[in-house]
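I have placed the structure first, in the form of structure tokens, so that the comments after it can refer back to it.
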Amino acid sequence: MDGTRLSADLRMRRHAAEFVRDVTARSRLPLDYSVESLRVVDFIVDGLRKSGRDRTAVGHVLFGLGVYAGEVLVRRAGAVWVEFDEEQRELFGRPVGVRMPDGRLWNPLGKVVKRFEAGERESLRTFYLQLHGRARPGLPGLPAQPGPTETGGTGETVVRAGRGTGGTGDRAGREAGGTSARAGRRTGGTGDRASRGTGAASDGL
């Protein structure tokens, strides 16, 4: 593992642990890094939406929830935190994200912001299942092998590491909404860059 990736991985995992410790010290929320706990993330974000506060006022909480969601992928789906390169930062509007075992990149920080902006159309748990729920033949538990590019929710474009990015996309029967593209491909959301630059708290990384 190179030094840059190690730095991002250690930093974000530490932040996730601190966030969980602080939140659970104040409440009994079951943030146990399980897939089901992503329902709790959706629930917390919905509560923030209903509070009437703007994104800037709750940016630090959204950032912590995004880090937590990414850490669930790290612990449950074999992903790793990575530092984005310049092009990826421009695309995602974030300095870090997670890389799936098959090389796809995901922007959990942006996905949480989309839940805050769009509500139930954007679900952290559903997106996890779309990324990781279909195993490749002979490799139980690993996500299906994608093509060169796949597209996630708005601002969460999933790309093969070191490759170009895809356009809009979603699969038929999707739960997270968005426009359809290639039938049978696993994607989620609208795949544009509308959430780029959101969540000011991430700038502190």
Side-chain angles (χ1 to χ4, degrees), residues 8 12-13 15-16 19-20 31 33-49 55 58-84 88-100 104-133 143 146 149-159 165-166 168-171 174-179 186-203 205:
M12 300 306 288
R13 300 198 74 172
H15 191 102
F19 176 78
V20 169
L31 297 179
Y33 302 101
S34 66
V35 177
E36 287 304 308
S37 73
L38 293 177
R39 290 183 184 272
V40 178
V41 175
D42 286 336
F43 174 80
I44 295 173
V45 176
D46 289 346
L48 294 174
R49 294 183 75 238
R55 195 179 65 225
V58 298
H60 65 293
V61 180
L62 296 178
F63 175 71
L65 292 170
V67 174
Y68 174 80
E71 185 65 12
V72 172
L73 276 170
V74 169
R75 297 190 181 203
R76 300 297 178 184
V80 63
W81 286 103
V82 294
E83 203 87 42
F84 286 150
Q88 291 160 353
R89 287 181 184 225
E90 173 68 16
L91 173 66
F92 292 120
R94 310 284 169 170
V96 296
V98 295
R99 177 181 292 133
M100 298 293 284
R104 291 175 299 165
L105 298 175
W106 183 48
N107 175 20
L109 306 181
K111 188 66 176 179
V112 167
V113 171
K114 287 308 300 176
R115 177 73 180 200
F116 181 78
E117 293 177 337
E120 295 183 1
R121 290 184 306 170
E122 303 287 340
S123 165
L124 277 300
R125 180 179 178 276
T126 297
F127 197 61
Y128 175 96
L129 296 176
Q130 289 176 326
L131 282 177
H132 185 59
T149 63
E150 292 192 18
T151 307
T154 302
E156 293 80 46
T157 304
V158 179
V159 298
T165 60
T168 60
D170 200 354
R171 63 173 174 173
R174 63 199 176 277
E175 296 182 54
T179 57
R186 293 188 306 117
T187 55
T190 57
D192 60 27
R193 295 187 240 174
S195 67
R196 183 168 58 191
T198 56
S202 64
D203 296 337
L205 285 175

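- For K111 against S123, the heavy-atom pair with the smallest separation is CE-O, 4.0 Å.
- With ring centers used as reference points, Y33 lies under 6.0 Å from Y68.
- A salt bridge links E83 with R89: the closest approach of a Lys/Arg side-chain nitrogen to an acidic carboxylate oxygen falls below 4.0 angstrom.
- Aromatic ring orientation, F84 versus F92: parallel (interplanar angle below 30°, classes split at 30° and 60°).
- Atom CZ of F63 and atom CZ of F19 lie 10.5 Å apart (nearest 0.5 Å).
- Checked by atom type and distance alone, the side chain of R125 never pairs as donor or acceptor with a backbone atom of R39 at under 3.5 Å.
- Considering every non-hydrogen atom in both W81 and P108, the closest pair reads CH2-CG, 4.0 Å.
- Within the model, atoms CD of E122 and CG of D42 stand 10.0 Å from one another, a figure rounded to the nearest 0.5 Å.
- A pairwise comparison of heavy atoms in V98 and V74 identifies CG1-CG2, 4.2 Å as the closest pair.
- Summarising the geometry, atom CG belonging to L105 is positioned 9.5 Å from atom CG belonging to L91; distances are rounded to the nearest 0.5 Å.
- Contact check for V82 versus V96: no side-chain heavy atoms found under the 4.5 Å cut-off.
- Between V113 and R94 there is a side-chain heavy-atom pair separated by less than 4.5 Å.
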Residue pair E71, R76: steps toward the side-chain contact (heavy atoms from CB on, under 4.5 Å) verdict: CA-CA 8 Å; E71 185 65 12; R76 300 297 178 184; over 6 Å; no

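- Proximity of a side-chain donor or acceptor of S34 to a complementary backbone N or O of S37 within less than 3.5 Å is detected.
- Atom CH2 of W106 sits about 4.5 Å away from atom CG of L73, to the nearest 0.5 Å.
- The nearest pair of heavy atoms linking A69 to L124 is CB-CD1, 3.9 Å.
- Interatomic distance, R55 CZ to L62 CG, rounded to the nearest 0.5 Å: 8.5 Å.
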Criterion side-chain contact (heavy atoms from CB on, under 4.5 Å) on R121 and R115, from CA distance to verdict: CA-CA 7 Å; R121 290 184 306 170; R115 177 73 180 200; over 6 Å; no

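- Atom-to-atom distance recorded for Y128:OH and L38:CG is 8.0 Å, nearest 0.5 angstrom.
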